[in-house]
Engineer: 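Let me begin by handing over the structure; questions about it come next.
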Amino acid sequence: MAFNIPRGTQDILPGESERWQYVENIARETCHAYHYQEIRTPIFEHTELFSRGVGESTDIVQKEMYTFADKKGRSLTLRPEGTASAVRSFVENKLFANPIQPTKLYYIGPMFRYERPQTGRYRQFYQFGIEAIGSSDPAIDAEVIALAMSVYRKAGLKNIKLVINSLGDKTSRAAHREALIRHFEPRIDEFCGDCQKRLQQNPLRILDCKKDRDHELLKSAPSILEYLNEESKAYFSKVQQYLTDIGISFEVDPNLVRGLDYYNHTAFEIMSDAEGFGAITTLAGGGRYDGLTEEIGGPKAPGIGFAMSIERLLAALDAENVKLAIDQGIDCYIVTLGEKAKDFSVSLLYKLREEGLSAEIDYECKKMKGQFKAADRLNAKYIAILGDDELSQNKINVKDAETGEQQEVKLDEFIRYMKAHTER
Ligand code: ATP
Ligand code: MG
């Protein structure tokens, strides 16, 4: 019986996984520079955390969660996103008591959503995200956005676009909400069933509907920007000023929404502008959530964060034809001739590796010719050739694969020689 991989998931094979590590390293290094520290939370949580923390009216909670009962009948859910868990952990571990705030966290790991798989959309996908919890300084909003942009830039993307919006504070949102209901209500029967439900639950989400995105009422919908009170306006212009000071260009799109009730002020998305990137162009999304800690039973602690998937980042790199600087080769391949030489080279190989060189040898009893071929396939920078004769004379031949130059080296100097020649 043969098994297939579940729909919407993928194997990241050697050759490809190096690209993942490469961009994940960029994410980690950037977090280090911006002083965000890694948090690792469980892959599953109590279902209730997501229904509260992500929001009952969202697509995620309505239809995308992998929910199951464990053997004791508790309802658990594979995490569909990272914010709820990070905030739960912030509250549960009393990270708010730390004298320095905000608490700045990042995560990288798999998320699970039961969606219709397509390019850029999987059922298991990897998200890199950050959360800054415990400050409502607009400088933090700019920092969070800058970090995301920095990761894309360092990875080599050129055609990316930042879109921002403000959802205002509670008062601004309440006024806007009423205006939205007045706007959509008379013709709500022209909208999809989800939107009809959203009208009273969370009318803002109608602006984000994928089915009704071309309806004329969306274009004429009242803009949140007209409903921002003075405080919210001031907050939003501070964020824009900081972005401008940093040198990050952006567009303001009043229809950009992140649909949860406790989302407020800054919302943003980063899109790929690359030609041929496909239907899904959003690479990352984020925003401010000032009521979330309280929603899940903690003290007031305003937060902001974003998440991006590694899949879409890599797809954008492909679309822009960016070649990552990945060194796939090994430092040294030992070619042996004769049994004694083979036996001796086992410990030689060990020493090379312990010195930090990537080294390989043949395990298939290949003839010399086959071993050279393998060295070539593995992109070895050096090929060390050891026969029984050389061994008895206490020497080894080292060939520079690039220049073809060959050098005779004393066996007891071999490790030092290799180290000196492969220093990075
Ligand atoms: P979309 O509108 O594409 O469904 P979303 O609003 O559901 O996105 P978020 O919950 O904001 O997405 O997640 C943040 C980021 O995670 C997205 O911008 C995208 O990069 C990525 N992402 C979301 N869902 C998937 C998925 N199913 N497969 C791959 N990446 C995803
Ligand atoms: Mg989605």
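Start at 1 with the first residue, then count along the sequence. First listed ligand is number 1; within each ligand, the first listed atom is number 1.
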Engineer: To the nearest 0.5 angstrom, please state how far the CG atom of Leu352 sits from the CG atom of Leu357.
Structural biologist: 5.5 Å
Engineer: Distance alone, cut at 3.5 Å: any donor-acceptor contact between the side chains of Tyr235 and Arg288?
Structural biologist: yes
Engineer: Got an N/O contact under 3.5 Å between Leu283 and ligand 1?
Structural biologist: yes
Engineer: Looking at Gly285, which atoms of ligand 1 are within less than 4.0 Å of one of its heavy atoms?
Structural biologist: 18 (O)
Engineer: Which residue and atom name correspond to the protein heavy atom nearest atom 15 (C) of ligand 1, and how close is it?
Structural biologist: Ala307 O, 3.5 Å
Engineer: Report the part of Ser309 in contact with ligand 1, treating N, CA, C, O as backbone and CB onward as side chain, heavy atoms under 4.0 Å; options are side chain, backbone, both, neither.
Structural biologist: both
Engineer: Kindly indicate whether a cation-pi arrangement holds for Arg123 with Tyr114, taking the cut-offs as under 6.0 Å to the six-membered ring centre and within 45° of the axis.
Structural biologist: yes
Engineer: Provide, to 0.1 Å, the distance between atom 17 (C) of ligand 1 and the closest protein heavy atom, together with that atom's residue and name.
Structural biologist: Arg312 NH1, 3.9 Å
Engineer: With no hydrogens and no angle check, do the side chains of Ser232 and Ser172 hold a donor and an acceptor under 3.5 Å apart?
Structural biologist: yes
Engineer: If we ignore angles and hydrogens, is there a donor and acceptor under 3.5 Å between the side chains of Thr281 and Ser272?
Structural biologist: no
Engineer: In a check of side chain to side chain donor-acceptor pair (under 3.5 Å) between Tyr289 and each of Glu295, His265, Glu131, which one passes?
Structural biologist: Glu131
Engineer: Could you identify the single nearest non-hydrogen protein atom to atom 29 (C) of ligand 1 and state the distance to 0.1 Å?
Structural biologist: Gly120 O, 3.2 Å
Engineer: Is there a side chain to side chain contact (heavy atoms under 4.5 Å, CB included) between Leu167 and Arg173 once you walk through the steps?
Structural biologist: CA-CA 7 Å; Leu167 304 176; Arg173 287 197 53 170; 4.2 Å; yes
Engineer: For atom 28 (N) of ligand 1, what is the nearest protein heavy atom, given as residue, atom name and distance?
Structural biologist: Tyr122 N, 3.0 Å
Engineer: Quick test: of every protein heavy atom, which one is nearest to atom 22 (N) of ligand 1, and how far off is it to 0.1 Å?
Structural biologist: Phe125 CE1, 3.6 Å
Engineer: Which protein non-hydrogen atom lies closest to atom 16 (O) of ligand 1, naming both residue and atom, and how far is it?
Structural biologist: Gln127 NE2, 2.9 Å
Engineer: With a 4.0 Å heavy-atom cut-off (strictly under), which part of Asp59 contacts ligand 1: side chain, backbone, both or neither?
Structural biologist: neither
Engineer: Side chain, backbone, both or neither: which applies to Glu311 and ligand 1 if a contact is any heavy-atom pair less than 4.0 Å apart?
Structural biologist: neither
Engineer: Starting from atom 11 (O) of ligand 1, what is the nearest protein heavy atom, named by residue and atom, and what distance separates them?
Structural biologist: Arg258 NH2, 2.5 Å
Engineer: Report the C-alpha separation of Val252 and Phe236 in whole Å, then their side-chain angles, then the decisive distance to 0.1 Å, and conclude whether the side chain to side chain contact (heavy atoms under 4.5 Å, CB included) test is met.
Structural biologist: CA-CA 10 Å; Val252 174; Phe236 193 34; 4.1 Å; yes
Engineer: At less than 4.0 angstrom from any non-hydrogen atom of Lys210, what atoms of ligand 1 do you find?
Structural biologist: 1 (P), 2 (O), 4 (O)
Engineer: Select the closest option to atom 27 (N) of ligand 1 among Glu115, Gln118, Arg123, Met111, judged by heavy-atom distance.
Structural biologist: Glu115
Engineer: Have Arg28 and Tyr106 got a donor and an acceptor in their side chains that come within less than 3.5 Å?
Structural biologist: yes
Engineer: Between His46 and Glu48 (side chain of the first, backbone of the second, donor and acceptor by atom type, cut-off under 3.5 Å), is there such a pair?
Structural biologist: no
Engineer: Would you tell me whether Tyr36 and Glu143 have side-chain atoms, one donor and one acceptor, within less than 3.5 Å of each other?
Structural biologist: yes
Engineer: Tell me: protein heavy atom nearest atom 4 (O) of ligand 1, and distance?
Structural biologist: Arg121 NH1, 2.8 Å
Engineer: As an exercise, identify every atom of ligand 1 less than 4.0 angstrom from a heavy atom of Ala284.
Structural biologist: 18 (O)
Engineer: Is it the side chain, the backbone, both or neither of Glu81 that has a heavy atom closer than 4.0 Å to ligand 1?
Structural biologist: neither
Engineer: Determine whether any heavy atom of Arg113 lies closer than 4.0 Å to an atom of ligand 1.
Structural biologist: yes
